[in-house]
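Contents: one structure, followed by commentary.
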Amino acid sequence: MATTTESSDAGVATKKKHLGIPEAVFVEDVDSFMKQPGNDSADAVLRRLDEQYQKYKYMELNLAQKKLRLKSQVPQIKQTLEILRHMQKKKDTTDPMETRFLLADNVHCKALVPPTDKVCLWLGANVMLEYDIDEAQSLLEKNLATASRNLDSLEEDLNFLRDQFTTTEVNMARVYNWDVKRRSKDNLSKLAEKS
């Protein structure tokens, strides 16, 4: 009995992971599937399956775009953390730190930055906030952990989507082949009646 509960808990956990993505159900027996209400003709079923397939493609496109954004954010966050660590080391000295900063695309300017314990972080949406170096570092470490976790979750969702593509494609092929066999049987029976 305990194994049943554990396996059902694992099933619930799997469903929660991919909550926004409907699961494609494999059509085991095409004959009984086609007799179900709503499955009037093979063309209607194929249209419905193709619509489901297109929805999966749209979801894949959105997830792939999110993945690209996150993949570009992770290196930026890591680079900013490196700079903060360097500034942390230099804040107790009196020597200014020489650096280059970006003015425009491919245009950099040299600057001498005096030791400081404050930094400004660009948060996006035209928002920049001033933080202590320690606060900024903890914020960026939290953001890096969140971005990495989201990236892993997106990868799992993309893998789940690929499984749904395969299942839907196989279902479409099975329904199409069932329809071809049914039509050929109908044609053979019509030929047998004529002769």
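For clarity, every value in this text was computed on a predicted model and none was experimentally measured.
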State plainly whether one hydrophobic cluster holds both Leu121 and Val127, where clusters connect Ile, Leu, Val, Met, Phe, Trp and Tyr through side-chain heavy atoms under 4.5 angstrom apart.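 Yes, one cluster joins them.
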
Any chain of hydrophobic side-chain contacts (each under 4.5 Å) joining Leu129 to Leu144?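 Shared cluster, yes.
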
Given the rule in the salt bridge (Lys or Arg N to Asp or Glu O under 4.0 Å) test, do Lys35 and Asp31 qualify, once you have shown the distances and angles that lead to the verdict? CA-CA 6 Å; Lys35 290 176 186 172; Asp31 286 324; over 6 Å; no

Under 6.0 Å from the ring centre and within 45 degrees of the ring axis: does the NZ or CZ of Lys118 meet both conditions for the six-membered ring of Tyr131?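 So Lys118 doesn't make the cation-pi contact.
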
Testing the basics here: between [X] and [Y], what is the closest heavy-atom pair and its distance to 0.1 Å?
{"X": "Phe101", "Y": "Lys110", "value": "CE2-O, 4.4 Å"}
{"X": "Leu161", "Y": "Tyr56", "value": "CD2-CD2, 3.5 Å"}
{"X": "Leu84", "Y": "Ile133", "value": "O-CG2, 4.0 Å"}
{"X": "Gln76", "Y": "Ser72", "value": "CG-O, 3.4 Å"}
{"X": "Met87", "Y": "Val119", "value": "CE-CG1, 3.5 Å"}
{"X": "Pro96", "Y": "Pro115", "value": "CA-CD, 4.3 Å"}

Distance (rounded to the nearest 0.5 Å) between [X] [atom1] and [Y] [atom2]:
{"X": "Ile77", "Y": "Leu139", "atom1": "CD1", "atom2": "CG", "value": "9.0 Å"}
{"X": "Lys66", "Y": "Leu151", "atom1": "NZ", "atom2": "CG", "value": "12.5 Å"}
{"X": "Met128", "Y": "Cys120", "atom1": "CE", "atom2": "SG", "value": "6.0 Å"}
{"X": "Arg174", "Y": "Leu49", "atom1": "CZ", "atom2": "CG", "value": "12.0 Å"}
{"X": "Glu155", "Y": "Asn150", "atom1": "CD", "atom2": "CG", "value": "13.0 Å"}
{"X": "Arg183", "Y": "Leu188", "atom1": "CZ", "atom2": "CG", "value": "14.5 Å"}

Side chains of [X] and [Y], heavy atoms from C-beta outward: is any pair under 4.5 Å?
{"X": "Val25", "Y": "Thr167", "value": "no"}
{"X": "Leu102", "Y": "Val107", "value": "no"}
{"X": "Gln164", "Y": "Tyr53", "value": "no"}
{"X": "Asn171", "Y": "Phe33", "value": "no"}
{"X": "Glu141", "Y": "Leu81", "value": "yes"}
{"X": "Ser41", "Y": "Val45", "value": "no"}
{"X": "Met59", "Y": "Ile21", "value": "yes"}
{"X": "Phe160", "Y": "Glu156", "value": "no"}

Arg182 vs Asp179, test: salt bridge (Lys or Arg N to Asp or Glu O under 4.0 Å). Steps then yes/no. CA-CA 5 Å; Arg182 183 188 57 83; Asp179 190 43; 2.6 Å; yes

For the pair Lys190 and Glu193, evaluate salt bridge (Lys or Arg N to Asp or Glu O under 4.0 Å) and give the outcome as yes or no after the intermediate values. CA-CA 5 Å; Lys190 286 179 184 175; Glu193 288 176 9; over 6 Å; no

Decide if atom CD of Gln79 counts as having more than 12 heavy atoms of other residues, nucleotides or ligands within a radius under 6.0 Å.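 Incorrect, the count does not exceed 12.
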
Can you confirm whether more than 12 heavy atoms, excluding those of Gln36, are under 6.0 Å from its CD atom?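 Atom CD in Gln36 is packed in, count exceeds 12.
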
Worked verdict on Met172 versus Asp50 for side chain to side chain contact (heavy atoms under 4.5 Å, CB included): CA-CA 8 Å; Met172 290 169 72; Asp50 186 53; 3.9 Å; yes

Taking side-chain hydrogen bond (donor to acceptor under 3.5 Å, both in side chains) as the cut-off, I'd like each qualifying pair that reaches into residues 85-100, sequence neighbours left out, listed once.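 Every side-chain hydrogen bond (donor to acceptor under 3.5 Å, both in side chains) pair that includes a residue of residues 85-100, provided the two are not neighbours, is Gln88-Asp134.
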
Keeping [X] on the side-chain end and [Y] on the backbone end, is there a donor-acceptor pair under 3.5 Å?
{"X": "Arg48", "Y": "Asn39", "value": "no"}
{"X": "Ser32", "Y": "Asp29", "value": "yes"}
{"X": "Ser153", "Y": "Arg149", "value": "no"}

Worked check of salt bridge (Lys or Arg N to Asp or Glu O under 4.0 Å) between Lys78 and Glu82: CA-CA 6 Å; Lys78 286 181 179 178; Glu82 278 183 45; over 6 Å; no

Should the pair Arg47-Glu51 be classified as a salt bridge under the 4.0 Å nitrogen-to-oxygen rule?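 Looking at Arg47 and Glu51, the cut-off is not met.
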
Residue pair Asn159, Arg162: steps toward the side chain to side chain donor-acceptor pair (under 3.5 Å) verdict: CA-CA 5 Å; Asn159 288 336; Arg162 286 184 195 104; 2.7 Å; yes

